[in-house]
Amino acid sequence: LQHKFNDKWSIEGGLRYERANASASGFTPLSQSRVANPIAVEGGSVAFDAWLFNIGAAYAPIKGQEFYASVSQGFQLPDIGLQLRNARPGFSLSSSELEPVKTNNYEVGWRGNFGSTFATLALFYTTSQLGDVQSFNNGLILTRTKERIAGLEASVDYLSHDSKWGAGGTFTLMKGREQPQASSDDQSMSGYRIPPMKATAYLQYKPVRQWSNRLQVNYYGSRDYRLKGQDSFGRRQVSSYTTVDLISRYELSKKDTVTV
(Lines give C-alpha, C1' and ligand atoms only; values in the text may rest on other atoms or scores of the structure.)
Protein backbone atom coordinates (compact mmCIF):
# COMPACT_ATOMS: atom_id res chain seq x y z
CA LEU A 1 0.00 0.00 0.00
CA GLN A 2 1.39 3.40 -1.01
CA HIS A 3 -0.08 6.84 -0.54
CA LYS A 4 1.27 10.26 -1.51
CA PHE A 5 -0.27 13.09 0.51
CA ASN A 6 1.39 15.83 -1.52
CA ASP A 7 4.70 16.65 -3.19
CA LYS A 8 6.51 16.43 0.14
CA TRP A 9 4.95 13.63 2.19
CA SER A 10 4.34 9.98 1.33
CA ILE A 11 3.89 6.69 3.21
CA GLU A 12 3.90 3.02 2.33
CA GLY A 13 3.21 -0.16 4.22
CA GLY A 14 2.53 -3.82 3.78
CA LEU A 15 1.59 -7.08 5.44
CA ARG A 16 2.73 -10.48 4.26
CA TYR A 17 2.53 -14.11 5.32
CA GLU A 18 5.55 -16.39 5.01
CA ARG A 19 5.81 -20.13 5.53
CA ALA A 20 9.02 -22.15 5.40
CA ASN A 21 9.30 -25.93 5.22
CA ALA A 22 12.29 -28.25 5.41
CA SER A 23 12.57 -32.02 5.34
CA ALA A 24 15.34 -34.62 5.30
CA SER A 25 15.54 -38.37 5.01
CA GLY A 26 17.46 -40.45 7.52
CA PHE A 27 21.23 -40.08 7.12
CA THR A 28 24.62 -40.69 8.71
CA PRO A 29 26.15 -37.34 9.73
CA LEU A 30 29.81 -36.37 9.42
CA SER A 31 30.26 -36.78 13.16
CA GLN A 32 29.77 -40.54 12.67
CA SER A 33 31.83 -40.96 9.49
CA ARG A 34 34.84 -42.43 11.33
CA VAL A 35 33.00 -44.30 14.05
CA ALA A 36 33.15 -48.13 14.01
CA ASN A 37 29.38 -48.41 14.48
CA PRO A 38 27.90 -45.17 13.13
CA ILE A 39 24.52 -44.10 14.38
CA ALA A 40 22.15 -42.70 11.79
CA VAL A 41 20.01 -39.64 12.38
CA GLU A 42 16.29 -40.12 11.87
CA GLY A 43 14.72 -38.02 9.14
CA GLY A 44 11.78 -35.72 9.55
CA SER A 45 10.39 -32.33 8.64
CA VAL A 46 9.73 -28.92 10.15
CA ALA A 47 7.47 -26.04 9.18
CA PHE A 48 7.30 -22.49 10.49
CA ASP A 49 5.18 -19.51 9.54
CA ALA A 50 4.79 -15.87 10.50
CA TRP A 51 2.90 -12.68 9.66
CA LEU A 52 5.28 -9.81 8.90
CA PHE A 53 4.72 -6.10 8.39
CA ASN A 54 6.59 -3.11 7.02
CA ILE A 55 5.84 0.60 7.17
CA GLY A 56 7.73 3.66 6.04
CA ALA A 57 7.42 7.39 5.51
CA ALA A 58 9.33 9.87 3.35
CA TYR A 59 9.60 13.66 3.42
CA ALA A 60 11.03 15.74 0.57
CA PRO A 61 11.40 19.37 1.74
CA ILE A 62 12.78 20.46 -1.65
CA LYS A 63 13.26 18.81 -5.02
CA GLY A 64 16.14 16.34 -5.05
CA GLN A 65 16.27 15.97 -1.24
CA GLU A 66 14.47 13.26 0.72
CA PHE A 67 14.43 12.05 4.33
CA TYR A 68 12.89 8.70 5.18
CA ALA A 69 12.22 6.29 8.05
CA SER A 70 11.05 2.69 7.95
CA VAL A 71 10.28 -0.31 10.14
CA SER A 72 10.21 -3.81 8.69
CA GLN A 73 10.40 -7.45 9.71
CA GLY A 74 12.36 -10.34 8.21
CA PHE A 75 11.86 -14.09 8.41
CA GLN A 76 14.05 -16.97 7.26
CA LEU A 77 15.16 -20.42 8.32
CA PRO A 78 18.72 -20.69 9.66
CA ASP A 79 21.42 -22.63 7.81
CA ILE A 80 19.82 -26.08 7.97
CA GLY A 81 22.67 -27.64 5.98
CA LEU A 82 25.09 -26.56 8.71
CA GLN A 83 22.91 -28.23 11.31
CA LEU A 84 22.60 -31.48 9.38
CA ARG A 85 26.30 -31.74 8.52
CA ASN A 86 27.25 -31.39 12.19
CA ALA A 87 24.38 -33.40 13.67
CA ARG A 88 25.06 -35.64 16.66
CA PRO A 89 23.35 -38.90 17.58
CA GLY A 90 19.87 -38.12 18.85
CA PHE A 91 19.57 -35.00 16.70
CA SER A 92 15.98 -34.08 15.89
CA LEU A 93 14.75 -31.81 13.12
CA SER A 94 12.27 -30.41 15.58
CA SER A 95 15.19 -29.06 17.64
CA SER A 96 14.88 -25.43 18.75
CA GLU A 97 18.11 -24.74 16.83
CA LEU A 98 16.02 -24.85 13.64
CA GLU A 99 13.54 -22.19 14.69
CA PRO A 100 13.43 -19.36 12.12
CA VAL A 101 15.37 -16.13 12.33
CA LYS A 102 12.85 -13.32 12.77
CA THR A 103 14.29 -9.79 12.72
CA ASN A 104 12.94 -6.34 13.45
CA ASN A 105 14.64 -3.72 11.28
CA TYR A 106 14.63 0.04 11.83
CA GLU A 107 16.17 2.56 9.43
CA VAL A 108 16.34 6.32 9.00
CA GLY A 109 18.16 8.03 6.20
CA TRP A 110 18.59 10.76 3.65
CA ARG A 111 19.29 10.83 -0.08
CA GLY A 112 20.04 13.89 -2.12
CA ASN A 113 20.83 14.95 -5.64
CA PHE A 114 23.12 17.94 -6.27
CA GLY A 115 23.25 18.27 -10.03
CA SER A 116 25.88 15.73 -11.08
CA THR A 117 26.38 14.38 -7.55
CA PHE A 118 24.18 11.91 -5.70
CA ALA A 119 24.67 11.07 -2.01
CA THR A 120 23.02 8.85 0.61
CA LEU A 121 23.22 8.39 4.36
CA ALA A 122 21.46 5.68 6.38
CA LEU A 123 21.40 4.60 10.02
CA PHE A 124 19.99 1.17 10.80
CA TYR A 125 19.24 -0.97 13.85
CA THR A 126 18.26 -4.65 13.81
CA THR A 127 17.16 -6.93 16.64
CA SER A 128 16.52 -10.66 16.76
CA GLN A 129 15.50 -12.84 19.68
CA LEU A 130 17.15 -15.85 18.00
CA GLY A 131 19.87 -15.12 15.45
CA ASP A 132 21.32 -17.35 12.76
CA VAL A 133 23.26 -20.51 13.63
CA GLN A 134 26.96 -19.87 14.33
CA SER A 135 29.55 -22.62 13.94
CA PHE A 136 32.67 -22.80 16.13
CA ASN A 137 35.55 -25.25 16.34
CA ASN A 138 34.85 -26.61 12.85
CA GLY A 139 31.25 -27.40 13.65
CA LEU A 140 31.82 -29.00 17.05
CA ILE A 141 29.91 -26.14 18.68
CA LEU A 142 26.72 -24.70 17.21
CA THR A 143 25.03 -21.81 18.96
CA ARG A 144 22.40 -19.14 18.48
CA THR A 145 22.19 -15.83 20.29
CA LYS A 146 19.93 -12.89 20.91
CA GLU A 147 21.28 -10.12 18.68
CA ARG A 148 21.34 -6.33 18.37
CA ILE A 149 23.10 -4.79 15.37
CA ALA A 150 23.52 -1.09 14.58
CA GLY A 151 25.25 0.50 11.65
CA LEU A 152 25.84 3.41 9.34
CA GLU A 153 26.12 3.46 5.56
CA ALA A 154 27.04 6.44 3.38
CA SER A 155 27.79 6.85 -0.30
CA VAL A 156 28.54 9.60 -2.80
CA ASP A 157 28.80 9.41 -6.60
CA TYR A 158 29.71 12.02 -9.18
CA LEU A 159 29.33 11.84 -12.96
CA SER A 160 30.46 14.62 -15.29
CA HIS A 161 27.97 16.09 -17.77
CA ASP A 162 29.68 14.37 -20.69
CA SER A 163 29.74 11.06 -18.74
CA LYS A 164 33.49 10.70 -19.25
CA TRP A 165 34.58 11.23 -15.65
CA GLY A 166 33.12 9.63 -12.56
CA ALA A 167 34.17 9.42 -8.91
CA GLY A 168 32.72 8.34 -5.63
CA GLY A 169 33.04 6.36 -2.46
CA THR A 170 31.25 4.44 0.27
CA PHE A 171 31.58 4.07 4.02
CA THR A 172 30.14 1.26 6.15
CA LEU A 173 30.39 0.80 9.91
CA MET A 174 28.60 -1.88 11.95
CA LYS A 175 28.56 -2.86 15.61
CA GLY A 176 26.73 -5.72 17.25
CA ARG A 177 25.98 -7.20 20.66
CA GLU A 178 24.79 -10.73 21.36
CA GLN A 179 23.47 -12.57 24.39
CA PRO A 180 24.43 -16.26 24.32
CA GLN A 181 21.91 -18.88 25.31
CA ALA A 182 21.77 -19.58 29.06
CA SER A 183 23.57 -16.28 29.77
CA SER A 184 22.27 -13.06 31.29
CA ASP A 185 25.17 -10.94 29.96
CA ASP A 186 25.73 -9.69 26.43
CA GLN A 187 29.01 -9.44 24.53
CA SER A 188 30.37 -8.05 21.30
CA MET A 189 29.66 -10.16 18.24
CA SER A 190 32.39 -12.04 16.39
CA GLY A 191 33.81 -11.29 12.97
CA TYR A 192 31.62 -14.00 11.48
CA ARG A 193 28.63 -11.71 11.97
CA ILE A 194 30.08 -8.17 12.10
CA PRO A 195 32.69 -7.08 9.52
CA PRO A 196 35.30 -4.39 10.22
CA MET A 197 34.79 -0.81 9.05
CA LYS A 198 35.01 -0.52 5.27
CA ALA A 199 35.66 2.53 3.09
CA THR A 200 35.93 2.57 -0.70
CA ALA A 201 36.81 5.21 -3.28
CA TYR A 202 36.96 5.12 -7.06
CA LEU A 203 37.88 7.26 -10.04
CA GLN A 204 36.51 6.34 -13.45
CA TYR A 205 37.41 7.60 -16.92
CA LYS A 206 35.53 6.70 -20.11
CA PRO A 207 37.19 8.40 -23.11
CA VAL A 208 34.81 6.70 -25.57
CA ARG A 209 31.62 4.73 -25.19
CA GLN A 210 33.30 1.35 -25.63
CA TRP A 211 36.27 1.93 -23.32
CA SER A 212 36.12 2.46 -19.55
CA ASN A 213 38.89 2.64 -16.94
CA ARG A 214 38.44 2.48 -13.19
CA LEU A 215 40.83 2.90 -10.26
CA GLN A 216 39.36 1.61 -7.01
CA VAL A 217 40.72 1.60 -3.45
CA ASN A 218 39.22 -0.51 -0.66
CA TYR A 219 40.17 0.05 2.97
CA TYR A 220 39.23 -2.35 5.79
CA GLY A 221 39.78 -1.10 9.31
CA SER A 222 41.24 -2.92 12.28
CA ARG A 223 39.01 -4.41 14.97
CA ASP A 224 39.53 -6.37 18.16
CA TYR A 225 36.99 -9.22 18.35
CA ARG A 226 38.53 -10.77 21.46
CA LEU A 227 36.64 -11.07 24.72
CA LYS A 228 38.61 -9.74 27.69
CA GLY A 229 41.72 -9.72 25.51
CA GLN A 230 41.69 -13.50 25.06
CA ASP A 231 42.11 -15.18 21.66
CA SER A 232 39.55 -17.85 20.83
CA PHE A 233 38.03 -19.53 17.81
CA GLY A 234 36.59 -16.81 15.58
CA ARG A 235 37.82 -14.04 17.88
CA ARG A 236 41.12 -12.40 17.05
CA GLN A 237 42.51 -8.91 16.71
CA VAL A 238 42.23 -8.02 13.03
CA SER A 239 44.68 -5.60 11.41
CA SER A 240 43.66 -3.05 8.81
CA TYR A 241 44.57 -3.47 5.15
CA THR A 242 44.10 -1.76 1.81
CA THR A 243 43.57 -3.14 -1.69
CA VAL A 244 43.97 -1.21 -4.95
CA ASP A 245 42.44 -2.32 -8.26
CA LEU A 246 42.95 -0.86 -11.72
CA ILE A 247 40.42 -2.18 -14.21
CA SER A 248 40.19 -1.45 -17.92
CA ARG A 249 37.31 -2.74 -20.01
CA TYR A 250 36.87 -2.48 -23.78
CA GLU A 251 33.75 -3.55 -25.66
CA LEU A 252 34.78 -5.06 -28.97
CA SER A 253 31.18 -5.70 -29.96
CA LYS A 254 27.80 -6.24 -28.34
CA LYS A 255 28.82 -9.83 -27.68
CA ASP A 256 32.55 -9.46 -26.94
CA THR A 257 34.28 -7.55 -24.14
CA VAL A 258 37.91 -7.56 -23.01
CA THR A 259 38.72 -6.80 -19.37
CA VAL A 260 42.19 -6.30 -17.89
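Sequential numbering from 1 along the given sequence is applied to the chain's residues.
Interatomic distance, Thr127 OG1 to Asn105 CG, rounded to the nearest 0.5 Å: 7.5 Å. A distance of 11.0 Å separates OG in Ser212 from OH in Tyr250, rounded to the nearest 0.5 Å. For the atom pair CZ of Arg223 and CG of Leu173, the computed distance is 6.0 Å after rounding to the nearest 0.5 Å. For the atom pair CD (Glu12) and NE2 (His3), the distance works out to 13.0 Å, reported to the nearest 0.5 Å. Between Ile247 atom CD1 and Gln204 atom CD the span is 9.5 Å, to the nearest 0.5 Å. For the atom pair CD of Glu107 and OG of Ser70, the computed distance is 5.0 Å after rounding to the nearest 0.5 Å.
Nearest heavy-atom pair, Gly112 versus Phe118, reported as atom, atom and distance to 0.1 Å: O-CD1, 3.2 Å. The two atoms that bring Trp211 and Ser248 nearest to each other are NE1-OG, 2.9 Å, heavy atoms only. Scanning both residues, Leu121 and Tyr68, for their nearest heavy atoms gives O-OH, 4.3 Å. When all heavy atoms of Ala47 and Arg19 are compared, the closest pair comes out as CB-NH2, 3.4 Å. For Arg235 against Ser188, the heavy-atom pair with the smallest separation is NH2-O, 2.8 Å. Closest non-hydrogen pair, Lys102 versus Ala50, comes out as NZ-CB, 4.5 Å.
Hydrophobic cluster membership is shared by Leu252 and Val208, with clusters built from Ile, Leu, Val, Met, Phe, Trp and Tyr side chains linked at under 4.5 angstrom. There is no path of hydrophobic side-chain contacts, each under 4.5 Å, that joins Leu246 to Val260. Cluster annotation: Met189 is connected to Met174 through the hydrophobic network of ILVMFWY side chains, with a link wherever side-chain heavy atoms come within less than 4.5 Å. Phe53 is connected to Tyr125 through a chain of hydrophobic side-chain contacts under 4.5 Å among Ile, Leu, Val, Met, Phe, Trp and Tyr, so both are in one cluster. Both Phe48 and Leu52 belong to a single network of hydrophobic side chains, linked directly or stepwise wherever heavy atoms of I, L, V, M, F, W or Y lie under 4.5 Å apart.
Asp7 CG: 12 or fewer foreign heavy atoms inside a 6.0 Å radius. Summarising the local packing, CZ of Arg236 is surrounded by more than 12 heavy atoms from other residues, nucleotides or ligands at distances under 6.0 Å.
At least one side-chain heavy atom of Phe171 sits under 4.5 Å from a side-chain heavy atom of Leu152. In this structure, Leu227 and Ser232 have side chains that are not in contact, with every pair of non-hydrogen atoms separated by 4.5 Å or more. With contacts defined as side-chain heavy-atom distances shorter than 4.5 Å, the pair Ser116/Leu159 does not qualify. In this structure, Val156 and Thr117 have side chains that are in contact, with non-hydrogen atoms separated by less than 4.5 Å. Within the 4.5 Å cutoff, no side-chain heavy atoms of Tyr205 are placed close to those of Leu215. For the pair Asp185 and Gln187, the minimum side-chain heavy-atom distance is 4.5 Å or more. You'll find the side chain of Gln237 stays beyond 4.5 Å of the side chain of Ser222, heavy atoms only. Side-chain contact between Gln65 and Phe114: present, with at least one pair of heavy atoms (C-beta onward) separated by less than 4.5 Å.
A donor-acceptor pair under 3.5 Å links the side-chain atoms of Tyr225 to the main chain of Ile194, judged by distance alone.
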Go through it in stages, so that I can follow the logic: the residues are Asn104 and Val71, the test is side chain to side chain contact (heavy atoms under 4.5 Å, CB included), and I'd like the CA-CA distance, side-chain angles, deciding distance and then a yes or no. CA-CA 7 Å; Asn104 296 309; Val71 179; over 6 Å; no
Would you sort out whether Ile11 and Ile55 count as a side chain to side chain contact (heavy atoms under 4.5 Å, CB included), showing the intermediate values? CA-CA 8 Å; Ile11 62 169; Ile55 186 170; 6.0 Å; no
From CA spacing to verdict: side chain to side chain contact (heavy atoms under 4.5 Å, CB included), Tyr17, Asp49: CA-CA 7 Å; Tyr17 173 77; Asp49 59 355; 2.7 Å; yes
Between Leu203 and Trp165, does a side chain to side chain contact (heavy atoms under 4.5 Å, CB included) hold up when you go through it step by step? CA-CA 8 Å; Leu203 177 64; Trp165 288 95; 4.0 Å; yes
With side chain to side chain donor-acceptor pair (under 3.5 Å) as the test, would you mind laying out the steps for Thr120 and Ser155 before giving the verdict? CA-CA 5 Å; Thr120 66; Ser155 69; 2.6 Å; yes
Stepwise side chain to side chain donor-acceptor pair (under 3.5 Å) test for Asn218 and Gln216: CA-CA 7 Å; Asn218 301 309; Gln216 181 165 313; 3.3 Å; yes
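A side-chain N or O of Thr200 and one of Thr170 form a donor-acceptor pair less than 3.5 Å apart. A donor-acceptor contact closer than 3.5 angstrom is absent between the side chains of Glu251 and Gln210. Under the 3.5 Å distance criterion, with hydrogens and angles disregarded, no donor-acceptor pair is assigned to the side chains of Gln73 and Trp51.
Under the 4.0 Å criterion applied to side-chain N and carboxylate O atoms, Arg193 and Glu178 are not assigned as salt-bridge partners. Between Arg226 and Asp224 there is a salt bridge, with a side-chain nitrogen of the basic residue lying less than 4.0 Å from a carboxylate oxygen of the acidic one.
Aromatic ring pairs are classed by plane angle as parallel below 30°, tilted from 30° to 60° and perpendicular above 60°; the pair Phe67 and Trp110 is tilted.
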